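Please read the structure below before turning to the comments.
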There are 2 protein chains.
Amino acid sequence: MNKSEIKVIAVLERVGGFASAQELYQLLQRSGESIGLTTVYRALQSLVSDKIVDQLRREDGEAIYRLCGDTHHHHLVCKQCGSTVEIEGSAIERWTKAMAEEHGFREVGHTAEIFGICPNC
Amino acid sequence: MNKSEIKVIAVLERVGGFASAQELYQLLQRSGESIGLTTVYRALQSLVSDKIVDQLRREDGEAIYRLCGDTHHHHLVCKQCGSTVEIEGSAIERWTKAMAEEHGFREVGHTAEIFGICPNC
DNA sequence: CCTGAAAATGACAATCATTTTCATTTCAGA
DNA sequence: TCTGAAATGAAAATGATTGTCATTTTCAGG
(Lines give C-alpha, C1' and ligand atoms only; values in the text may rest on other atoms or scores of the structure.)
Protein backbone atom coordinates (compact mmCIF):
# COMPACT_ATOMS: atom_id res chain seq x y z
CA MET A 1 0.00 0.00 0.00
CA ASN A 2 1.77 3.16 -1.19
CA LYS A 3 1.00 6.86 -1.12
CA SER A 4 -1.05 6.92 -4.30
CA GLU A 5 -3.26 4.14 -3.11
CA ILE A 6 -3.87 5.96 0.13
CA LYS A 7 -4.80 9.13 -1.73
CA VAL A 8 -7.20 7.19 -3.92
CA ILE A 9 -8.81 5.55 -0.94
CA ALA A 10 -9.22 8.95 0.69
CA VAL A 11 -11.12 10.33 -2.30
CA LEU A 12 -13.25 7.24 -2.50
CA GLU A 13 -14.16 7.75 1.13
CA ARG A 14 -15.14 11.32 0.46
CA VAL A 15 -17.19 10.29 -2.55
CA GLY A 16 -18.98 7.62 -0.55
CA GLY A 17 -20.12 5.65 -3.59
CA PHE A 18 -19.15 4.88 -7.17
CA ALA A 19 -16.85 7.04 -9.25
CA SER A 20 -14.86 6.54 -12.42
CA ALA A 21 -11.08 6.78 -12.63
CA GLN A 22 -11.35 10.01 -14.55
CA GLU A 23 -13.66 11.53 -11.96
CA LEU A 24 -11.40 10.47 -9.12
CA TYR A 25 -8.45 11.96 -10.94
CA GLN A 26 -10.22 15.31 -11.32
CA LEU A 27 -11.31 15.33 -7.70
CA LEU A 28 -7.73 14.73 -6.64
CA GLN A 29 -6.50 17.52 -8.87
CA ARG A 30 -9.08 19.95 -7.54
CA SER A 31 -8.16 19.20 -3.97
CA GLY A 32 -4.61 20.12 -4.81
CA GLU A 33 -3.10 16.64 -4.85
CA SER A 34 -0.27 16.10 -7.27
CA ILE A 35 -1.01 12.76 -8.86
CA GLY A 36 -1.07 11.61 -12.48
CA LEU A 37 -3.90 9.88 -14.24
CA THR A 38 -1.73 6.84 -14.92
CA THR A 39 -1.04 6.51 -11.23
CA VAL A 40 -4.72 6.73 -10.39
CA TYR A 41 -5.38 3.87 -12.79
CA ARG A 42 -2.57 1.81 -11.34
CA ALA A 43 -3.68 2.43 -7.79
CA LEU A 44 -7.21 1.39 -8.66
CA GLN A 45 -6.05 -1.80 -10.37
CA SER A 46 -4.00 -2.68 -7.37
CA LEU A 47 -6.79 -1.93 -4.91
CA VAL A 48 -9.21 -3.99 -6.97
CA SER A 49 -6.93 -7.00 -7.01
CA ASP A 50 -6.44 -6.64 -3.25
CA LYS A 51 -10.24 -6.60 -2.92
CA ILE A 52 -10.16 -3.24 -1.22
CA VAL A 53 -12.12 -1.69 -4.03
CA ASP A 54 -15.06 -2.96 -6.08
CA GLN A 55 -15.05 -2.41 -9.81
CA LEU A 56 -17.99 -2.51 -12.14
CA ARG A 57 -19.25 -0.84 -15.29
CA ARG A 58 -21.52 2.02 -16.16
CA GLU A 59 -23.94 1.48 -18.98
CA ASP A 60 -21.59 3.25 -21.36
CA GLY A 61 -18.78 0.85 -20.48
CA GLU A 62 -16.75 3.18 -18.30
CA ALA A 63 -15.34 1.46 -15.22
CA ILE A 64 -16.52 2.71 -11.85
CA TYR A 65 -15.09 2.00 -8.43
CA ARG A 66 -16.10 2.14 -4.80
CA LEU A 67 -14.71 1.00 -1.51
CA CYS A 68 -15.66 -2.57 -0.71
CA GLY A 69 -17.93 -3.21 2.18
CA ASP A 70 -19.61 0.17 1.88
CA THR A 71 -23.13 -0.07 3.07
CA HIS A 72 -24.28 1.21 -0.20
CA HIS A 73 -27.49 2.84 -1.17
CA HIS A 74 -29.32 3.32 -4.40
CA HIS A 75 -30.41 6.37 -6.30
CA LEU A 76 -33.55 7.75 -7.75
CA VAL A 77 -32.38 9.97 -10.59
CA CYS A 78 -34.38 12.61 -12.43
CA LYS A 79 -34.07 12.26 -16.19
CA GLN A 80 -34.67 15.99 -16.68
CA CYS A 81 -32.77 17.89 -14.05
CA GLY A 82 -30.40 15.19 -12.85
CA SER A 83 -31.26 15.58 -9.18
CA THR A 84 -30.93 12.41 -7.16
CA VAL A 85 -32.49 11.04 -4.03
CA GLU A 86 -30.88 8.33 -1.98
CA ILE A 87 -33.25 5.50 -1.39
CA GLU A 88 -33.35 2.46 0.75
CA GLY A 89 -32.73 -0.85 -0.95
CA SER A 90 -33.09 -3.69 1.48
CA ALA A 91 -35.57 -5.29 -0.89
CA ILE A 92 -32.80 -5.40 -3.47
CA GLU A 93 -30.31 -6.89 -1.04
CA ARG A 94 -32.72 -9.68 -0.29
CA TRP A 95 -33.47 -10.20 -3.95
CA THR A 96 -29.75 -10.38 -4.74
CA LYS A 97 -29.13 -12.95 -2.04
CA ALA A 98 -32.11 -15.05 -3.04
CA MET A 99 -31.24 -15.09 -6.74
CA ALA A 100 -27.57 -15.82 -6.07
CA GLU A 101 -28.44 -18.72 -3.84
CA GLU A 102 -30.92 -20.10 -6.30
CA HIS A 103 -28.28 -20.22 -9.03
CA GLY A 104 -25.27 -21.11 -6.91
CA PHE A 105 -23.41 -17.82 -7.38
CA ARG A 106 -20.80 -16.66 -4.88
CA GLU A 107 -19.37 -13.25 -4.01
CA VAL A 108 -22.30 -11.42 -5.42
CA GLY A 109 -22.86 -7.72 -5.74
CA HIS A 110 -25.41 -5.73 -7.62
CA THR A 111 -26.29 -2.46 -9.24
CA ALA A 112 -29.73 -0.93 -9.29
CA GLU A 113 -30.93 2.50 -10.18
CA ILE A 114 -34.30 4.02 -10.76
CA PHE A 115 -34.76 6.91 -13.13
CA GLY A 116 -37.81 8.98 -13.85
CA ILE A 117 -39.09 12.54 -13.66
CA CYS A 118 -39.04 14.28 -10.31
CA PRO A 119 -41.95 16.27 -8.83
CA ASN A 120 -40.31 19.63 -9.66
CA CYS A 121 -39.89 18.89 -13.34
CA MET B 1 -36.45 -2.78 -39.99
CA ASN B 2 -33.97 -2.71 -42.87
CA LYS B 3 -31.66 -5.23 -44.51
CA SER B 4 -28.73 -4.69 -42.20
CA GLU B 5 -30.83 -5.23 -39.13
CA ILE B 6 -32.13 -8.45 -40.59
CA LYS B 7 -28.61 -9.63 -41.30
CA VAL B 8 -27.57 -8.81 -37.76
CA ILE B 9 -30.55 -10.62 -36.31
CA ALA B 10 -29.69 -13.64 -38.45
CA VAL B 11 -26.14 -13.83 -37.06
CA LEU B 12 -27.38 -13.35 -33.55
CA GLU B 13 -29.72 -16.27 -34.09
CA ARG B 14 -26.86 -18.41 -35.32
CA VAL B 15 -24.72 -17.38 -32.38
CA GLY B 16 -27.49 -18.15 -29.94
CA GLY B 17 -26.00 -16.09 -27.13
CA PHE B 18 -23.93 -13.01 -26.50
CA ALA B 19 -21.47 -11.57 -29.00
CA SER B 20 -19.72 -8.24 -29.40
CA ALA B 21 -20.22 -5.92 -32.35
CA GLN B 22 -16.73 -6.73 -33.60
CA GLU B 23 -17.37 -10.45 -33.41
CA LEU B 24 -20.66 -10.13 -35.21
CA TYR B 25 -18.98 -8.06 -37.89
CA GLN B 26 -16.32 -10.73 -38.44
CA LEU B 27 -18.89 -13.50 -38.53
CA LEU B 28 -20.83 -11.59 -41.17
CA GLN B 29 -17.69 -11.04 -43.21
CA ARG B 30 -16.74 -14.70 -43.03
CA SER B 31 -20.15 -15.81 -44.17
CA GLY B 32 -19.72 -13.64 -47.23
CA GLU B 33 -22.08 -10.85 -46.26
CA SER B 34 -21.12 -7.42 -47.48
CA ILE B 35 -21.69 -5.15 -44.51
CA GLY B 36 -19.59 -2.48 -42.87
CA LEU B 37 -18.64 -2.26 -39.23
CA THR B 38 -20.37 1.10 -38.88
CA THR B 39 -23.56 -0.41 -40.17
CA VAL B 40 -23.32 -3.29 -37.72
CA TYR B 41 -23.05 -0.79 -34.89
CA ARG B 42 -25.98 1.19 -36.17
CA ALA B 43 -28.14 -1.87 -36.63
CA LEU B 44 -27.34 -2.97 -33.09
CA GLN B 45 -28.18 0.44 -31.62
CA SER B 46 -31.44 0.45 -33.44
CA LEU B 47 -32.30 -3.09 -32.38
CA VAL B 48 -31.45 -2.27 -28.78
CA SER B 49 -33.68 0.79 -28.72
CA ASP B 50 -36.46 -1.27 -30.29
CA LYS B 51 -35.93 -3.81 -27.49
CA ILE B 52 -35.25 -6.56 -29.98
CA VAL B 53 -31.73 -6.98 -28.70
CA ASP B 54 -30.28 -6.94 -25.19
CA GLN B 55 -27.07 -5.10 -24.56
CA LEU B 56 -24.76 -5.49 -21.63
CA ARG B 57 -21.06 -5.34 -20.83
CA ARG B 58 -18.18 -7.74 -20.58
CA GLU B 59 -15.89 -7.19 -17.66
CA ASP B 60 -13.46 -5.33 -19.91
CA GLY B 61 -16.20 -2.91 -20.87
CA GLU B 62 -16.86 -4.20 -24.36
CA ALA B 63 -20.54 -4.20 -25.24
CA ILE B 64 -22.15 -7.55 -25.97
CA TYR B 65 -25.50 -8.26 -27.55
CA ARG B 66 -28.05 -11.01 -27.87
CA LEU B 67 -31.62 -11.45 -28.95
CA CYS B 68 -34.11 -10.52 -26.24
CA GLY B 69 -36.51 -12.95 -24.76
CA ASP B 70 -39.96 -11.40 -24.73
CA THR B 71 -40.24 -10.82 -21.00
CA HIS B 72 -38.56 -8.03 -19.11
CA HIS B 73 -35.85 -9.76 -17.17
CA HIS B 74 -32.64 -9.08 -15.32
CA HIS B 75 -29.29 -10.79 -15.44
CA LEU B 76 -27.07 -12.69 -13.12
CA VAL B 77 -23.61 -12.30 -14.63
CA CYS B 78 -20.47 -14.25 -13.82
CA LYS B 79 -17.51 -11.94 -13.20
CA GLN B 80 -15.08 -14.61 -14.36
CA CYS B 81 -16.49 -16.31 -17.41
CA GLY B 82 -19.19 -13.86 -18.39
CA SER B 83 -21.94 -16.46 -18.51
CA THR B 84 -25.34 -15.06 -17.73
CA VAL B 85 -28.59 -16.35 -16.34
CA GLU B 86 -31.87 -14.58 -16.85
CA ILE B 87 -33.65 -14.05 -13.58
CA GLU B 88 -37.05 -12.99 -12.53
CA GLY B 89 -37.40 -9.50 -11.16
CA SER B 90 -40.93 -8.86 -9.99
CA ALA B 91 -39.51 -7.83 -6.62
CA ILE B 92 -37.63 -5.08 -8.42
CA GLU B 93 -40.69 -3.94 -10.29
CA ARG B 94 -42.56 -3.55 -7.04
CA TRP B 95 -39.63 -1.78 -5.40
CA THR B 96 -39.35 0.64 -8.31
CA LYS B 97 -43.03 1.48 -8.12
CA ALA B 98 -42.97 1.92 -4.35
CA MET B 99 -39.92 4.17 -4.32
CA ALA B 100 -41.19 6.28 -7.20
CA GLU B 101 -44.50 6.80 -5.48
CA GLU B 102 -42.90 7.66 -2.19
CA HIS B 103 -40.84 10.41 -3.81
CA GLY B 104 -43.35 11.61 -6.35
CA PHE B 105 -41.43 10.50 -9.44
CA ARG B 106 -43.23 9.85 -12.73
CA GLU B 107 -42.38 7.81 -15.81
CA VAL B 108 -39.96 5.62 -13.96
CA GLY B 109 -37.75 2.90 -15.30
CA HIS B 110 -34.93 0.98 -13.72
CA THR B 111 -31.77 -0.99 -14.24
CA ALA B 112 -30.67 -3.84 -12.05
CA GLU B 113 -28.00 -6.46 -12.42
CA ILE B 114 -26.43 -8.98 -10.14
CA PHE B 115 -22.85 -10.06 -10.63
CA GLY B 116 -20.86 -12.75 -8.88
CA ILE B 117 -19.01 -15.96 -9.51
CA CYS B 118 -20.92 -18.84 -11.04
CA PRO B 119 -20.84 -22.43 -9.80
CA ASN B 120 -18.49 -23.53 -12.61
CA CYS B 121 -15.84 -20.94 -11.88
C1' DC C 1 -39.63 3.26 -67.16
C1' DC C 2 -37.48 8.06 -65.29
C1' DT C 3 -36.42 11.12 -61.39
C1' DG C 4 -35.49 13.18 -57.34
C1' DA C 5 -35.83 13.17 -52.37
C1' DA C 6 -35.03 10.53 -48.39
C1' DA C 7 -32.97 6.75 -46.18
C1' DA C 8 -29.14 3.58 -45.86
C1' DT C 9 -24.45 2.50 -46.35
C1' DG C 10 -19.53 2.29 -45.40
C1' DA C 11 -14.71 4.15 -45.59
C1' DC C 12 -12.37 7.02 -42.88
C1' DA C 13 -11.43 10.15 -39.18
C1' DA C 14 -12.35 11.54 -34.46
C1' DT C 15 -13.18 10.50 -29.61
C1' DC C 16 -12.41 8.76 -25.27
C1' DA C 17 -11.22 5.50 -21.60
C1' DT C 18 -7.58 2.70 -20.64
C1' DT C 19 -2.90 0.67 -21.15
C1' DT C 20 1.87 0.76 -22.40
C1' DT C 21 6.31 2.82 -22.71
C1' DC C 22 10.07 4.86 -20.97
C1' DA C 23 12.75 8.29 -18.82
C1' DT C 24 12.97 10.26 -14.37
C1' DT C 25 12.36 10.45 -9.34
C1' DT C 26 11.93 8.51 -4.77
C1' DC C 27 13.50 6.13 -1.00
C1' DA C 28 14.75 2.14 1.98
C1' DG C 29 18.54 -0.19 3.24
C1' DA C 30 23.70 -1.14 2.85
C1' DT D 1 26.31 8.83 0.85
C1' DC D 2 25.43 5.25 -2.63
C1' DT D 3 22.49 1.93 -5.19
C1' DG D 4 18.95 -0.45 -7.19
C1' DA D 5 14.26 -1.55 -7.23
C1' DA D 6 9.83 0.40 -7.09
C1' DA D 7 6.93 4.32 -8.09
C1' DT D 8 5.68 8.07 -10.94
C1' DG D 9 3.74 10.56 -14.82
C1' DA D 10 3.98 12.59 -19.56
C1' DA D 11 3.27 11.11 -23.82
C1' DA D 12 2.25 7.67 -27.23
C1' DA D 13 -0.36 3.53 -28.36
C1' DT D 14 -4.51 0.83 -28.28
C1' DG D 15 -9.07 -0.48 -29.20
C1' DA D 16 -14.01 0.00 -29.03
C1' DT D 17 -17.32 3.09 -30.37
C1' DT D 18 -19.21 7.21 -32.69
C1' DG D 19 -19.32 11.03 -36.06
C1' DT D 20 -18.79 12.68 -40.81
C1' DC D 21 -19.81 12.82 -45.31
C1' DA D 22 -19.85 11.42 -49.99
C1' DT D 23 -21.94 7.78 -52.46
C1' DT D 24 -25.49 4.29 -53.31
C1' DT D 25 -30.01 2.33 -52.86
C1' DT D 26 -34.90 2.63 -52.38
C1' DC D 27 -39.17 3.91 -53.86
C1' DA D 28 -43.28 6.90 -54.58
C1' DG D 29 -45.16 9.71 -58.00
C1' DG D 30 -45.01 11.43 -62.62
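Predicted model only: the values in this text are computed from it and were never measured. A note on names: the letters A, B, ... follow the listed sequences, proteins ahead of strands, and every chain is numbered from 1. What you see below is based on every heavy atom in this structure, not just the backbone, and it leaves out hydrogens, waters and symmetry mates.
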*Protein-nucleotide distance (B:Ile64, atom CD1; D:dA16, atom C1'), rounded to Å*: 14 Å
*asked:* For a 4.5 angstrom cut-off between non-hydrogen side-chain atoms, does B:Tyr65 reach B:Ser20?
replied: no
*Would you mind reporting whether A:Glu88 and B:Glu102 have side-chain heavy atoms less than 4.5 Å apart?*
no
*Look at A:Tyr41 and C:dT19 and indicate whether a side-chain polar atom (N or O) is within less than 4.0 Å of OP1 or OP2.*
no
*In whole angstroms, how far is the C1' atom of C:dA17 from the CD atom of A:Glu23?*
12 Å
*asked:* Using a 4.0 Å heavy-atom cut-off, does B:Ser20 contact any base of the nucleic acid, only the sugar-phosphate backbone, or nothing at all?
replied: nothing
*asked:* Any base atoms under 4.0 Å from B:Ser34, or only sugar-phosphate, or nothing? Heavy atoms, all strands.
replied: sugar-phosphate
*With respect to the side chain of B:Thr38, which nucleotide from C:dG10, D:dA16, D:dT8 is positioned closest?*
C:dG10
_Walk me through whether A:Ser4 and A:Arg42 qualify under side chain to side chain contact (heavy atoms under 4.5 Å, CB included)._
CA-CA 9 Å; A:Ser4 311; A:Arg42 272 194 292 242; over 6 Å; no
_Residue A:Arg42, side-chain atoms from C-beta onward, closest of C:dT21, C:dT9, C:dT18_ = C:dT21
*Choosing from D:dA16, D:dG9, C:dT18, which nucleotide comes nearest the side chain of A:Leu37?*
C:dT18
*Could you check how far CG of B:Asp60 sits from C1' of D:dG15, rounded to whole Å?*
10 Å
*Interatomic distance where CZ belongs to B:Arg57 and P belongs to C:dA17 [whole Å]*: 13 Å
*Phosphate contact (D:dT25 OP1 or OP2) by B:Asn2 side-chain N/O below 4.0 Å*: no
*Judged by atom type as modelled, is there a donor-acceptor pair below 3.5 Å linking the side chain of A:Arg106 to the main-chain atoms of B:Cys121?*
yes
*asked:* Please determine whether a side-chain nitrogen or oxygen atom of A:Lys3 lies at a distance below 4.0 Å from atom OP1 or OP2 of C:dC27.
replied: yes
*When you measure from the side chain of B:Glu62, which nucleotide among D:dT17, C:dG10, D:dG9 comes out closest?*
D:dT17
*Quick one: do A:Gln22 and A:Glu62 satisfy side chain to side chain contact (heavy atoms under 4.5 Å, CB included)? Show the steps, please.*
CA-CA 9 Å; A:Gln22 309 271 349; A:Glu62 195 178 357; 3.9 Å; yes
*Return the value, rounded to whole Å, for the distance between atom CD of A:Gln22 and atom C1' of C:dC16.*
8 Å
*For A:Leu44 and D:dT8, what is the distance between atoms CG and P respectively, to the nearest whole Å?*
13 Å
*For atom CG of B:Leu24 and atom P of D:dA16, their distance in whole Å*: 13 Å
*Upstream residue (5' side of DNA chain D) when B:Ala21 and A:Val40 are each assigned their closest nucleotide*: A:Val40
*What is the distance, rounded to the nearest whole Å, between atom CD of B:Glu5 and atom P of C:dT9?*
8 Å
*Counting heavy atoms from C-beta on, name the nucleotide in D:dT8, C:dG10, C:dT19 closest to the side chain of A:Gln45.*
C:dT19
